[in-house]
Amino acid sequence: ASKMKAADQMRRFSSTLIREKARHNRQVYGFTSVKLGTGVTRVVLETARTLSQLGPKVLVIDANSFKPHGAFEDFKIGLTDYLSGRAELTQVVSSFNHEGTLLDVVSIGAYRTNGLRRLDKFKLAMTEWSQSYDFILVDVPPLLLSADAELLIEVIGQVFLVAEIQSMTKADVVRAKGVLEKLDPDAVGLFVNGVPIGPSSSGVDPVIVESLTGKKYKEFMQWYVVVH
C-alpha cells in the first residue's frame, strides 16, 4: 500500500512539473537538502523515472561534488570533465537503468575534488540540453554543507528543498531560510520525505514550511510527498 501511495504521489508531483512547463516553460530544477541523508538522489531518480513514463524526455545531472551518487561511478566522463575542458558536451551523457527505466544521466565526473568550476559553461550546457530534453533535474549538494549548492541554485533558478522534518532542527531551518533569502531563487518548493503534507495533515508544522519557502512556496507548489 505504501508503495502504491508513493507512486501516486510521484505521479502527482510529476504532473505538476509538466503543468509548470506548459504554463511557464520551466524545464530545469535543482534538488537540494539541508544536510545529508534526506534522500535527494532517490527523489531525483524517482521523479525522472515517473516523468519518463508519462512521456517527457528527461536528463538527470549529478552536480553533487560533495557526495556523488555511487551508482554513477562507472561513468568516468561527466560534468566536471566538460567544465574543465577535458570532454565535449556530447561525451558526458550516459544511459542508466533505474528500476527498469532507462534514464539519460550525467555523472559528476573525475574532476570534482575542488568543487565545480566554470559555471558559465554550466549555463551553456543547460541551454544546449534544454533543446533536447523536456526536463533537466539537477542533484545539488546539501545547502548548508557546500558552496556549490549556492552557486548552482543561482544558475538554476528553481529549487526543491528535500527534507525529513523529524530530523530537521530549528537551527537548520533558520540557516536554510537565511541562505534561500540571500539567493532569492525564482521559485522554491518543499519536498518532504516520509511525512504527508496537506490541508488535513498534521505531519508537518506549517511554520517550518513558511519559514523555509515563504510566499513563493504558496505561489509555486502546493505539496509533495515521498512515502517510505
Task: Thr32 (side chain) donor-acceptor with Pro141 (main chain) under 3.5 angstrom - done: yes
Open item on the list: Do Phe31 and Asp139 make a side-chain contact, defined as non-hydrogen atoms from C-beta onward lying under 4.5 Å apart?
Closed with: no
- [ ] Any chance you could measure Trp129, atom CH2, to Leu124, atom CG, to the nearest 0.5 Å?
- [x] 11.0 Å
- [ ] Spell out, as yes or no, whether a donor-acceptor pair under 3.5 Å connects the side chain of Glu154 to the backbone of Leu183.
- [x] no
Open item on the list: Using a 6.0 Å cut-off, check whether atom CD of Glu99 has over 12 heavy atoms from anything other than its own residue.
Closed with: yes
Task: Side-chain (Asp81) to main-chain (Gly78) donor-acceptor, under 3.5 angstrom - done: yes
Task: Working for side-chain contact (heavy atoms from CB on, under 4.5 Å), residues Thr47 and Leu17 - done: CA-CA 10 Å; Thr47 302; Leu17 295 185; 3.9 Å; yes
Open item on the list: Can you confirm whether Gln53 is buried at CD, in the sense that more than 12 heavy atoms of other residues, nucleotides or ligands lie under 6.0 Å from that atom?
Closed with: yes
Task: Ser15 and Arg12 side chains, donor-acceptor separation under 3.5 Å - done: no
Task: Closest non-hydrogen atom pair, Val140 against Ala149 - done: CG1-CA, 3.6 Å
TODO: For the pair Gln158 (side chain) and Val28 (backbone), establish whether a donor and an acceptor sit closer than 3.5 Å, ignoring hydrogens and angles.
DONE: yes
Task: Heavy-atom pair with the smallest gap, counting every atom of Thr80 and Ala110 - done: OG1-N, 3.4 Å
- [ ] Supply the atom-to-atom distance Leu89 CG to Glu128 CD, rounded to the nearest 0.5 angstrom.
- [x] 6.0 Å
Task: Inter-residue atom distance Leu152.CG - Asn64.CG, 0.5 Å rounding - done: 9.5 Å
Open item on the list: Can you confirm whether Lys121 is buried at NZ, in the sense that more than 12 heavy atoms of other residues, nucleotides or ligands lie under 6.0 Å from that atom?
Closed with: yes
Open item on the list: Looking only at side-chain N and O atoms, does Asp148 offer a donor or acceptor that is under 3.5 Å from a partner on Ser65?
Closed with: yes
Task: Inter-residue atom distance Leu83.CG - Ile108.CD1, 0.5 Å rounding - done: 8.0 Å
Open item on the list: Are Tyr111 and Tyr82 an aromatic pair, judged by ring center distance below 6.0 Å?
Closed with: no
Task: Aromatic Phe135 / basic Lys57 pairing, under 6.0 angstrom, 45° off normal - done: no
Open item on the list: Keeping Ser130 on the side-chain end and Met126 on the backbone end, is there a donor-acceptor pair under 3.5 Å?
Closed with: yes
Open item on the list: So which atom in Arg175 and which in Leu144 form the shortest heavy-atom distance, rounded to 0.1 Å?
Closed with: NH2-O, 3.7 Å
TODO: Classify the ring geometry between His98 and Phe96 as parallel (under 30°), tilted (30 to 60°) or perpendicular (over 60°).
DONE: parallel
Open item on the list: What verdict does the side-chain contact (heavy atoms from CB on, under 4.5 Å) test give for Leu143 and Val34, after you've listed the backbone C-alpha separation in whole Å, the side-chain angles of each residue and the deciding distance to 0.1 Å?
Closed with: CA-CA 5 Å; Leu143 190 61; Val34 173; 5.6 Å; no
TODO: Evaluate the side-chain proximity of Phe122 to Leu79: yes if any heavy-atom separation is below 4.5 Å, no if none is.
DONE: yes
- [ ] Could you tell me the separation between the CD atom of Gln27 and the CG atom of Asp134, rounded to the nearest 0.5 Å?
- [x] 7.0 Å
Open item on the list: I'd like to know if the side chain of Ser107 reaches the main chain of Phe75, judged simply by a donor and an acceptor atom lying under 3.5 Å from each other, with no hydrogens or angles considered.
Closed with: yes
Open item on the list: Quick check: do Leu59 and Val105 have side-chain heavy atoms less than 4.5 Å from each other?
Closed with: no
Task: Minimal non-hydrogen separation, Ser33 against Val40, with atom names - done: CB-CG2, 3.6 Å
Open item on the list: With a 4.5 Å cut-off on side-chain heavy-atom distances among I, L, V, M, F, W and Y, is there a chain of contacts connecting Ile18 to Phe160?
Closed with: yes
Open item on the list: Counting only heavy atoms from other residues, nucleotides and ligands, does the tally under 6.0 Å from CZ of Arg19 exceed 12?
Closed with: yes
Open item on the list: If we ignore hydrogens and angles and just use 3.5 Å, is the side chain of Glu46 paired with the main-chain N or O of Val43 as donor and acceptor?
Closed with: no
TODO: Given side-chain contact (heavy atoms from CB on, under 4.5 Å), test Val93 with Tyr133 step by step and report yes or no.
DONE: CA-CA 12 Å; Val93 178; Tyr133 293 93; 3.8 Å; yes
Open item on the list: Keeping Thr50 on the side-chain end and Ser14 on the backbone end, is there a donor-acceptor pair under 3.5 Å?
Closed with: no
- [ ] Drop me the distance from Ile156's CD1 to Ile61's CD1, to the nearest 0.5 angstrom.
- [x] 8.0 Å
Task: Any Arg11 side-chain heavy atom under 4.5 Å of Leu54 side chain - done: yes
